[in-house]
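These notes are about the structure you will find just below.
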Amino acid sequence: MTIHTDYYGEVEYEKEDLVFFADGLFGFPELRYYLPLYLEDGDESVILMQSTENPDISFVTMNPMSFYPDYQPCLKPEELSILSAQDSGELSYYVICVMKEDYLDNTLNLKCPLVINPDTRTGMQVILEGSHYGFQHRLGSFINADSENRGDTDAGSTT
């Protein structure tokens, strides 16, 4: 199969490459099949989730563990069951990124990650109830916090 994308042009894919979201994503319940497109082969830190049902719809997603190693989403038993998983550690997590002109101002939704079972290629978007994660975390706050933890004193400085 072939899809035309804004960022990658014509892309060939097989049905096995798709991730199926039975309920779609929030705001897009009718779009259930997404093709993950990687910025770099083998690097799952940033993925474009391209709808194959509407080529105009795609989401930039990031693996939260790549910038926030302490991210620990806890799924409800019914969510684990839907994803055919015994525990949260078997699953892959991606957060939707809202792009801004300055990439440090990009915001990430840690409260509502996309959760994917890599074995079955099924996924769902969940709301992490009772967690301290928010809907809009500035990417720059993680980069600056990481620099401070390493002892870099001028990270994020504009002087």
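Count residues from 1 along the sequence. The analysis underlying the following values was restricted to heavy atoms, covering all of them including side chains, and did not include hydrogens, waters or symmetry mates.
Heavy-atom contacts from other residues, nucleotides or ligands closer than 6.0 Å to CG of Asp23 number 12 or fewer. The number of heavy-atom neighbours closer than 6.0 Å to CD of Gln86, taken from other residues, nucleotides and ligands shown, is 12 or below. Within 6.0 Å of atom CD in Glu10, more than 12 heavy atoms from other residues, nucleotides or ligands are found, so the atom counts as buried in its surroundings. Enclosure of atom OH in Tyr8 by more than 12 non-hydrogen atoms of other residues, nucleotides or ligands within 6.0 angstrom is indicated.
No single ILVMFWY cluster, assembled from side-chain heavy atoms under 4.5 Å apart, contains both Met65 and Tyr38. Following chains of ILVMFWY side-chain contacts shorter than 4.5 Å, one cannot reach Met49 starting from Val115, and the two form parts of different hydrophobic clusters. Under the 4.5 Å side-chain heavy-atom criterion for grouping Ile, Leu, Val, Met, Phe, Trp and Tyr, Val19 is not connected to Tyr33 through any hydrophobic cluster.
Evaluated for a side-chain contact (heavy atoms from CB on, under 4.5 Å) with Val60, the options Leu39, Val46, Ile47, Leu108 yield exactly one hit, Val46.
Between Val95 and Thr61, the closest side-chain pair of non-hydrogen atoms is not below 4.5 Å. Using a 4.5 Å cut-off on side-chain heavy atoms (C-beta onward), Lys111 and Gln136 make no contact. Put simply, the side chain of Thr122 does not reach to within 4.5 Å of the side chain of Ser84, judged on heavy atoms. A 4.5 Å side-chain heavy-atom check between Leu91 and Leu83 finds at least one atom pair inside the cut-off. Residues Ile3 and Gln50 are in side-chain contact: their nearest non-hydrogen atoms beyond the backbone lie under 4.5 Å apart. By the 4.5 Å heavy-atom criterion applied to side chains, Ser51 and Phe28 are not counted as neighbours. Here the side chains of Thr52 and Tyr13 are in contact, with some heavy-atom distance below 4.5 Å.
Listed here is the closest heavy atom pair of Asn117 and Asp119: OD1-N, 2.8 Å. Counting all heavy atoms, side chain and backbone alike, Gly134 lies closest to Asn109 at O-OD1, 3.8 Å. Taking all atoms of both residues into account, the shortest heavy-atom contact from Gly27 to Pro29 is C-CD, 3.4 Å. Between Glu79 and Ile127, the shortest heavy-atom contact is OE2-O, 4.5 Å. Scanning both residues, Gly89 and Asp87, for their nearest heavy atoms gives N-OD1, 2.8 Å. Counting all heavy atoms, side chain and backbone alike, Leu110 lies closest to Phe67 at CD2-CZ, 4.3 Å.
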Next item on the list: Under the side-chain hydrogen bond (donor to acceptor under 3.5 Å, both in side chains) rule, what do Thr2 and Glu12 come out as? Steps first, then yes or no, please.
Entry: CA-CA 5 Å; Thr2 304; Glu12 294 282 333; 2.7 Å; yes
Margin query: Please determine whether side chain to side chain contact (heavy atoms under 4.5 Å, CB included) holds for the pair Leu128 and Val126, giving the CA-CA distance in whole Å, both sets of side-chain angles, and the decisive distance to 0.1 Å.
Written below: CA-CA 6 Å; Leu128 299 175; Val126 300; 3.9 Å; yes
Notebook entry, point to check: Between Arg32 and Leu18, does a side chain to side chain contact (heavy atoms under 4.5 Å, CB included) hold up when you go through it step by step?
Noted result: CA-CA 10 Å; Arg32 302 177 338 173; Leu18 300 178; over 6 Å; no
Next item on the list: Tell me, with the steps shown, if Met62 and Tyr94 meet side chain to side chain contact (heavy atoms under 4.5 Å, CB included).
Entry: CA-CA 5 Å; Met62 296 181 74; Tyr94 297 95; over 6 Å; no
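A tilted orientation is assigned to the rings of Phe59 and Tyr34, their planes being inclined by 30° to 60°.
Side-chain N or O atoms of Thr5 include one that pairs as donor or acceptor with a backbone N or O of Gly9 at under 3.5 Å. Panel note: side chain Arg121, backbone Glu16; a donor-acceptor pair is recorded below 3.5 Å. With hydrogens and angles disregarded, a donor-acceptor distance shorter than 3.5 Å links the side chain of Gln125 to the backbone of Phe26. Checked by atom type and distance alone, the side chain of Tyr93 pairs as donor or acceptor with a backbone atom of Ser88 at under 3.5 Å.
For the atom pair CE (Met124) and CD1 (Ile82), the distance works out to 4.0 Å, reported to the nearest 0.5 Å. Note that CD of Glu129 is 12.0 Å distant from SG of Cys74, once rounded to the nearest 0.5 Å. The distance from the CZ atom of Phe21 to the CG atom of Leu31 is 11.5 Å, given to the nearest 0.5 Å. The CD atom of Glu53 lies 8.0 Å from the CD atom of Glu30; values are rounded to the nearest 0.5 Å. A distance of 8.0 Å separates CG in Asp17 from CE in Met1, rounded to the nearest 0.5 Å. With rounding to the nearest 0.5 Å, the separation of CE in Met99 from OG1 in Thr107 is 10.0 Å.
The aromatic ring centres of Tyr71 and Tyr133 sit less than 6.0 Å apart.
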